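Note that the numbering runs from 1 along the sequence shown for the chain. Note that this is a predicted model, so its numbers are computed, not measured.
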Amino acid sequence: LIKITGESMTPDYRSGEFVLTARFPAVLRRLRPGDVVVLRHPVYGLLIKRIARIESDTGSIHVIGNHPHSVDSRNFGPLSAEMVIGKVIWHIARPR
């Protein structure tokens with residue numbers, strides 16, 4: 001269970017909410033654009049982002065946040081698939 005901090009994925013995921021991720025290799029091998037993932041970036045730490053695209057030749061993943069000022073692949077470029085630690089499979093939202 002991972003607690004969301006920050007606003008980069010609002011309104012879909014808000015600070016203080018929780019997500020559960022699947023870390024099984026079979027799930028991680030089938031990532032697709034649109035999937036929401038949790039990843040560990042060497043500079044920015046633990047991040048939750050949506051996959052924008054996957055480069056078929058290299059397997060590099062481009063991720064984006066919902067917020068226009070989100071720190072994502074627009075800032076740090078594509079990521080290796082090994083940085084993804086889980087695909088979000090369940091969202092525990094706060095009452096709106």
Side-chain angles (χ1 to χ4, degrees):
L1 205 56
I2 297 170
K3 185 176 184 178
I4 296 170
T5 58
E7 303 297 328
S8 76
M9 290 298 288
T10 57
D12 298 331
Y13 301 87
R14 299 184 303 161
S15 191
E17 296 179 340
F18 292 87
V19 293
L20 181 66
T21 62
R23 300 174 187 215
F24 306 111
V27 171
L28 296 179
R29 281 193 299 266
R30 290 186 298 225
L31 293 175
R32 303 197 186 310
D35 287 346
V36 177
V37 295
V38 174
L39 56 104
R40 188 169 309 279
H41 189 277
V43 175
Y44 298 105
L46 204 60
L47 301 172
I48 179 171
K49 302 294 176 189
R50 188 174 317 278
I51 296 176
R53 73 179 190 272
I54 300 172
E55 301 291 338
S56 58
D57 56 341
T58 62
S60 296
I61 298 173
H62 296 260
V63 295
I64 57 170
N66 291 348
H67 193 279
H69 299 293
S70 173
V71 173
D72 52 33
S73 287
R74 294 173 285 194
N75 306 98
F76 50 69
L79 305 170
S80 69
E82 291 78 34
M83 296 172 103
V84 175
I85 61 170
K87 175 183 172 181
V88 173
I89 58 169
W90 191 43
H91 176 205
I92 303 170
R94 294 185 320 210
R96 308 243 170 181

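- One hydrophobic cluster, built from ILVMFWY side chains closer than 4.5 Å, cannot hold both L1 and I4; they sit in different ones.
- Placement of V38 and Y13 within a single hydrophobic cluster is found when ILVMFWY residues are connected by side-chain heavy-atom separations under 4.5 Å, directly or transitively.
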Side chain to side chain contact (heavy atoms under 4.5 Å, CB included), that's the test. Do V71 and L47 meet it? Break it down for me.
CA-CA 9 Å; V71 173; L47 301 172; 5.5 Å; no
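- Cluster membership for V19 and V36, using ILVMFWY side-chain heavy atoms within less than 4.5 angstrom, is shared.
- A distance of 4.5 Å separates CD1 in I2 from OG1 in T21, rounded to the nearest 0.5 Å.
- Listed by first and then second residue, the salt bridge (charged side-chain N to carboxylate O under 4.0 Å, His left out) pairs involving residues 54-67 are R53-E55 (not counting sequence neighbours).
- Not a single ring-ring contact (aromatic ring centres under 6.0 Å, His included) links F18 to another residue, sequence neighbours left out.
- Counting all heavy atoms, side chain and backbone alike, G16 lies closest to R94 at CA-NH1, 4.2 Å.
- Contact detail for S15 and T5: the closest heavy-atom pair is OG-CA, 3.6 Å.
- For the residue pair S70 and S8, the shortest heavy atom distance occurs at OG-CB, 3.3 Å.
- Cluster membership for V88 and V63, using ILVMFWY side-chain heavy atoms within less than 4.5 angstrom, is not shared.
- Here the CG-NE2 distance, from N75 to H69, works out to 11.0 Å after rounding to the nearest 0.5 Å.
- Cluster annotation: I54 and L39 are assigned to the same hydrophobic cluster (Ile/Leu/Val/Met/Phe/Trp/Tyr, side-chain heavy-atom contacts under 4.5 Å, transitive).
- Taking R74 as the reference, D72 meet the salt bridge (charged side-chain N to carboxylate O under 4.0 Å, His left out) condition, with sequence neighbours excluded.
- Clustering of Ile, Leu, Val, Met, Phe, Trp and Tyr side chains at separations under 4.5 Å places V27 together with F24.
- For the pair S73 and I61, the tightest heavy-atom approach, listed with the atom from each and the gap, is OG-O, 4.0 Å.
- The list of side chain to side chain donor-acceptor pair (under 3.5 Å) pairs with a residue in residues 81-92, not counting sequence neighbours, reads E17-H91, S80-E82.
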In sequence, state the C-alpha distance, the side-chain angles, and the governing distance for L31 and V37, and then conclude on side chain to side chain contact (heavy atoms under 4.5 Å, CB included).
CA-CA 9 Å; L31 293 175; V37 295; 3.9 Å; yes
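- Here the CZ atom belonging to F76 is positioned 7.5 Å from the CE atom belonging to M83, to the nearest 0.5 angstrom.
- Listed by first then second residue, pairs satisfying side chain to side chain donor-acceptor pair (under 3.5 Å) with a partner in residues 27-43 number zero, not counting sequence neighbours.
- The closest donor-acceptor contact from the side chain of R50 to the backbone of M9 lies at 3.5 Å or more, if one exists at all.
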